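Structure first, commentary second.
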Number of protein chains: 2
Amino acid sequence: MVEKKTIKLDDVAELAGVSKTTVSRVLNNRGYLSDKTIKKVHDAMDKLNYRPNVIARQLFKQKTNLVALVFPTVDNPFFAELEAELEKRFDQLGYRVLMGNSQNNPAKEQDYLKLLLNHQVDGLIVGSHNQGISEYQKTTRPIVSIERFVGKQIPVVSSDNYQGGLLAVQRLLNDGCKHIIHTNYPINLVSPNELRQQAYEDLMNKHHRKPITYSVSFDVSDEEKERVFRKMFREHPEVDGIFADNDTNASLIIRVGKEFNRHVPDDLKVVGYDGANITRTLSPELTTIQQPIPEMATKAVELLLQLIEGKTNVKSVTLPVKMINSTTA
Amino acid sequence: MVEKKTIKLDDVAELAGVSKTTVSRVLNNRGYLSDKTIKKVHDAMDKLNYRPNVIARQLFKQKTNLVALVFPTVDNPFFAELEAELEKRFDQLGYRVLMGNSQNNPAKEQDYLKLLLNHQVDGLIVGSHNQGISEYQKTTRPIVSIERFVGKQIPVVSSDNYQGGLLAVQRLLNDGCKHIIHTNYPINLVSPNELRQQAYEDLMNKHHRKPITYSVSFDVSDEEKERVFRKMFREHPEVDGIFADNDTNASLIIRVGKEFNRHVPDDLKVVGYDGANITRTLSPELTTIQQPIPEMATKAVELLLQLIEGKTNVKSVTLPVKMINSTTA
DNA sequence: TTGAAAGCGCTAACAT
DNA sequence: ATGTTAGCGCTTTCAA
């Protein structure tokens, strides 16, 4: 194979008989250029099959037009849709997107934070479930978080979790459920998602019922989760309504319920949470609270861009949720 | 707020009372250094909170340690799992991963190819469904494709589609199905996936049955797809077995079947394809052919790294599939 | 064991 | 309308 030397501005300049600067100007459409020069330069570029070295440009500009998405894993309906929506919007704005699956591993999350601090990326969207990463508190670089409290100065985009909780529980109450159980992840995760539980408890208390919540970690296997749900059915055979904190769990609960001869919705009603694309395609029967994923993506991108552009005083936002009526409740 | 000047090698060198070279050596653990010097330099780095500029290093090395994943969308169980597995492996090897959702848009795919040619990424994993992008034929830069023929010199990692097709159809035949229909996407997509259809046709012909295939584009809405399936049930009310080309379609077919009062598996059997994580969690009842997604990821990463390291003669591989027995067939 | 100097490929003052 | 030059921050020969 022929050893190919990389073609640079200089080579184009030489062939076109102009200076590097002129070539750079043609490349960036900047400054005054005569048509003749422009043509000469373009011809030379074509002839040499010139390709600008973006890294060099990045070094000069101190900007990479790269952002990283730090979520537990993209292999989950909610995050998959969210990341796809984020990528779509960033792409339109000329940003490339790094996939940062943190696996809920603080070390990996810190790696991505380092990328930001090292100026390898211009910004970060984080939605991981780790906590206590102190660097978040210190940095003033652009970070937007989704459904998670990260640090005082970091804006959060979330959906209206309290309202979502109310909608879900009210639906079960309206369905006539007497014994409603909630599943959530361990509450120490410092997420606005706790508000769902708050709403559940408030509404239960208001109706003089005892709130019962089962904790299920996000990052364990389906089998592990099913084990918790079996325990739940054994400990509370009277349960007739479940408000699950996400659709995957709702789906697992329905399956485990079958083992206990519970038929949904006749003798068990289930309301899920998230309402992502994939879930609705694969489990259309699920009644659920839908988070406005596309709008959340739009907002997060908007806020991050403001931060990247140096704007201060960027505020958190909360977006409304929607009830999706189907047949499990 | 205080205007912070970025700390560079020079600053560290000055504070430590050594040269840039020495600091660089400490940073990279290269060459002979006295312990005293090393300590001095580290102290200075700590004091200044020095962070190396990776872009500058990339410019020098002409290597970004970045790869891009070009697939139609990550918002799909198969691609989500595949991309997550790829990211996990690349991360362990020190590569970062760009998410390239091509939306089956050739222009977007070309953009990512450009990233590669511009040396902004070191390699590409492609699994999009576009075709006729001539640049693929010309480049000698590192590209590995998954389940898709891209160009003569580009290695393909695929699962054994022919075997998968045989397994699926044989299962339906064993179940006693007399009128089996196959769904696939338009055949011009130059994918090894055509082999599934080939297997279907071969087996049908062998059993003296007429093969019937319905084409469903990958990148249309669920509603659009359901429309095709309704047409299928109307045109072929005798159908009693379906070999769907992916699990999402299988799921949609089962739903549409209900509209036609078809009860699965009693009077309609369905075998899907892919067997991704999410699908199995959300639609565990689906009998399907499972692609070895983690192994495909492992192999693709391995091949791409060989290419990045300059190895030639990197060969395509085919990996075995597996039948997942459940209740829809 | 350490340093000086050149250069990775590009951009932007500043000059003409 | 175009060119000269300095420099973005780092690594690496080469020399000492």
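Please read all numbers here as calculations on a predicted model, not as lab measurements. Chain A is the first sequence line, chain B the second, and so forth, proteins listed ahead of strands; every chain is numbered from 1.
Contacts of B:Leu93 classified as side-chain contact (heavy atoms from CB on, under 4.5 Å), with partners at least two apart in sequence or in another chain: B:Tyr95, B:Val301, B:Leu305. For B:Ser158, the side-chain hydrogen bond (donor to acceptor under 3.5 Å, both in side chains) criterion is met by no residue, not counting sequence neighbours.
Contacts of residues 32-43 of chain A with DNA chain D (heavy atom under 4.0 Å): A:Tyr32, A:Leu33, A:Ser34, A:Thr37. Of all the residues in residues 16-29 of chain B, B:Val18, B:Ser19, B:Thr21, B:Thr22, B:Arg25 reach under 4.0 Å from DNA chain C with at least one non-hydrogen atom. Looking at residues 45-60 of chain A, you'll see A:Leu59, A:Phe60 sit with a heavy atom under 4.0 Å from some atom of DNA chain D.
Within the 4.5 Å cutoff, the side chain of B:Pro155 has heavy atoms near those of the B:Leu307 side chain. The shortest distance between side-chain heavy atoms of B:Glu302 and B:Gln306 falls below 4.5 Å. Counting heavy atoms from C-beta on, the side chains of A:Val97 and A:Asp91 never come closer than 4.5 Å. Side-chain contact check for A:Glu83 versus B:Met99: some heavy-atom pair is nearer than 4.5 Å. Between A:Thr298 and A:Arg89 the shortest side-chain heavy-atom distance falls below 4.5 Å.
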Just list the side-chain donor-acceptor pairs under 3.5 Å for residues 19-26 of chain A, sequence neighbours left out, or say none.
from, atom 1, to, atom 2, distance (Å)
A:Ser19, OG, A:Thr21, N, 3.3
A:Ser19, OG, A:Thr22, N, 3.3
A:Ser19, OG, A:Thr22, OG1, 3.3

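Residue B:Lys8 has no polar side-chain atom (N or O) positioned under 4.0 Å from OP1 or OP2 of D:dC10.
A rotation axis mapping the C1' atoms of four pairs onto the next four is fitted at both ends of the helix from C:dT1-D:dA16 to C:dT16-D:dA1 over five pairs, and the angle between these axes is 40° to 10 degrees.
What separates CG of B:Asp11 from C1' of D:dG9 is a distance of 10 Å, to the nearest Å. Following rounding to the nearest Å, B:Gln62 (CD) and D:dT12 (C1') show an atom-to-atom distance of 14 Å. Atom pair B:Lys61:NZ and D:dC10:P shows a separation of 13 Å (rounding to whole Å applied). Distance A:Arg30 CZ to D:dA1 P: 16 Å, rounded to the nearest Å.
When the options A:Arg141, A:Lys63, A:Arg96 are evaluated for a salt bridge (charged side-chain N to carboxylate O under 4.0 Å, His left out) with A:Asp122, the one that passes is A:Lys63.
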| task | Give the intermediate values and the outcome of side chain to side chain contact (heavy atoms under 4.5 Å, CB included) for residues B:Met45 and B:Val41. | result | CA-CA 6 Å; B:Met45 282 179 178; B:Val41 171; 3.8 Å; yes
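Each side chain to side chain donor-acceptor pair (under 3.5 Å) pair with one or both residues in residues 47-61 of chain B, not counting sequence neighbours, appears once here: A:Asn118-B:Arg51. Listed by first then second residue, pairs satisfying salt bridge (Lys or Arg N to Asp or Glu O under 4.0 Å) with a partner in residues 26-39 of chain B read B:Lys39-B:Asp43, not counting sequence neighbours. Sequence neighbours left out, the pairs with a member in residues 61-87 of chain A that pass ring-ring contact (aromatic ring centres under 6.0 Å, His included) are A:Phe71-A:Phe79, A:Phe79-A:Phe218. Pairs passing the ring-ring contact (aromatic ring centres under 6.0 Å, His included) check and including a residue from residues 19-41 of chain B, sequence neighbours excluded, do not occur.
Bounding nucleotides for the chain A contact on DNA chain C, 5' to 3', at a heavy-atom distance below 4.0 Å, are C:dC8 to C:dC14.
Using a cutoff of 4.0 Å between basic side-chain nitrogens and carboxylate oxygens, A:Lys40 and A:Glu14 are not scored as salt-bridged.
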